[in-house]
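Each remark here refers to the structure printed beneath this line.
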Amino acid sequence: MMHTLLQTDLRFGVIFTDRATGLAEVGCVGEVVKHERLVDDRFFLICKGQERFRIINVVRTKPYLVAQVEWLEDRPSDEQEDLEALASEVERYMKDVIRLSNRINKKTEKETPEDLRKNLFPTPFSFWVGSTFEGAPAEQQALLELEDTALRLKRERETLRNTLNYLTAAAAVKDVFSSNES
């Protein structure tokens, strides 16, 4: 597949699969932005996620999956939501999670960026937030499948709120045990 990619536009589809649920219907395009060929003919890749797609028809499965797809875009929300306000709230939760996580792991405060949004509009910001939920592929897939930015931001807000509650409890327990050791 890499040899084909290197001869074309360096874009490929990424789709979630696991033994329990099988092949997901929705995936996203990954673009290789940097690559390095290793001595054993493997590759080290840095990729950037791009537009989403839904699989219409699997064309072939060997040597790698090829499918006919339709492109997905977010639909306008059914409710009148202030997307900027939602995105700002998600950003605040992310900053709080990062700060508390850094404190628990004894990292310096300087590691918390001031502007997580980096001038991103709410929709691309919501996809970026979802990409940070590493270790939770089912949640990332659920976020990828949502076609409403407001719903995606609300779900991310809830996930971050739960994470913050968990970290707050973990920090309290850690503080109790560390004060008992003194």
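Note: hydrogens, waters and symmetry copies are ignored here, and every other heavy atom, side chains too, is used. None of these values were measured; they are calculated from a predicted model.
- Under the 4.5 Å side-chain contact rule for hydrophobic residues, V26 and L151 do not share a cluster.
- When the side chain to side chain contact (heavy atoms under 4.5 Å, CB included) test is applied to V33, the partners found at least two apart in sequence or on another chain are I46, K48.
- Separating the CG atom in L160 from the CG atom in L164 is a distance of 8.5 Å, to the nearest 0.5 Å.
- The shortest heavy-atom contact between R52 and L144 is NH1-O, 2.8 Å.
- Applying the under-4.5 Å side-chain rule to Ile, Leu, Val, Met, Phe, Trp and Tyr, the cluster around F16 consists of that residue alone.
- Using a 4.5 Å cut-off between side-chain heavy atoms of Ile, Leu, Val, Met, Phe, Trp and Tyr, with links allowed through other members, L146 and I15 fall into different hydrophobic clusters.
- Taken to the nearest 0.5 Å, the NZ atom of K154 stands 14.0 Å off from the OG1 atom of T159.
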Which donor-acceptor pairs under 3.5 Å do the side chains of residues 86-94 make with protein atoms, sequence neighbours left out?
from, atom 1, to, atom 2, distance (Å)
S88, OG, E84, O, 3.0
E89, OE1, R157, NH1, 3.1
E91, OE2, L116, N, 2.9
E91, OE2, R117, N, 3.3
Y93, OH, R161, NE, 3.1

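- Residue pairs satisfying the salt bridge (charged side-chain N to carboxylate O under 4.0 Å, His left out) criterion with at least one member in residues 126-146, sequence neighbours excluded, are listed as follows: E139-R155.
- Hydrophobic clustering of Ile, Leu, Val, Met, Phe, Trp and Tyr side chains at less than 4.5 Å, counting indirect connections, unites F12 with L10.
- Scanning all heavy atoms of the two residues, the minimum distance from L143 to G130 falls at CD1-CA, 3.9 Å.
- A heavy-atom distance below 4.5 Å is not found between the side chains of T123 and F121.
- Among residue pairs with one or both ends in residues 4-14, those qualifying as salt bridge (charged side-chain N to carboxylate O under 4.0 Å, His left out) are D9-R11, R11-E51; sequence neighbours excluded.
- For the residue pair V14 and G30, the shortest heavy atom distance occurs at CG2-N, 4.3 Å.
- The nearest pair of heavy atoms linking R103 to A171 is NH2-CB, 3.7 Å.
- Distance OG/S131 to CD/Q140: 7.0 Å, rounded to 0.5 Å.
- Taking the side chain as every heavy atom from C-beta outward, L23 and I55 approach each other to under 4.5 Å.
- Counting heavy atoms from C-beta outward, F125 and L153 have side chains that approach closer than 4.5 Å.
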Could you pull out every donor-acceptor pair under 3.5 Å between side chains of residues 58-73 and any protein atom, sequence neighbours left out?
from, atom 1, to, atom 2, distance (Å)
R60, NE, K62, O, 3.2
Y64, OH, T4, OG1, 3.4
E70, OE2, R54, NE, 3.4

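- Counting heavy atoms of neighbouring residues, nucleotides and ligands inside a 6.0 Å radius, atom CZ of F43 exceeds 12 of them.
- Between T21 and Q141 the shortest side-chain heavy-atom distance does not fall below 4.5 Å.
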Steps toward side chain to side chain contact (heavy atoms under 4.5 Å, CB included) verdict (F127, R152): CA-CA 8 Å; F127 287 118; R152 189 176 314 104; 3.4 Å; yes
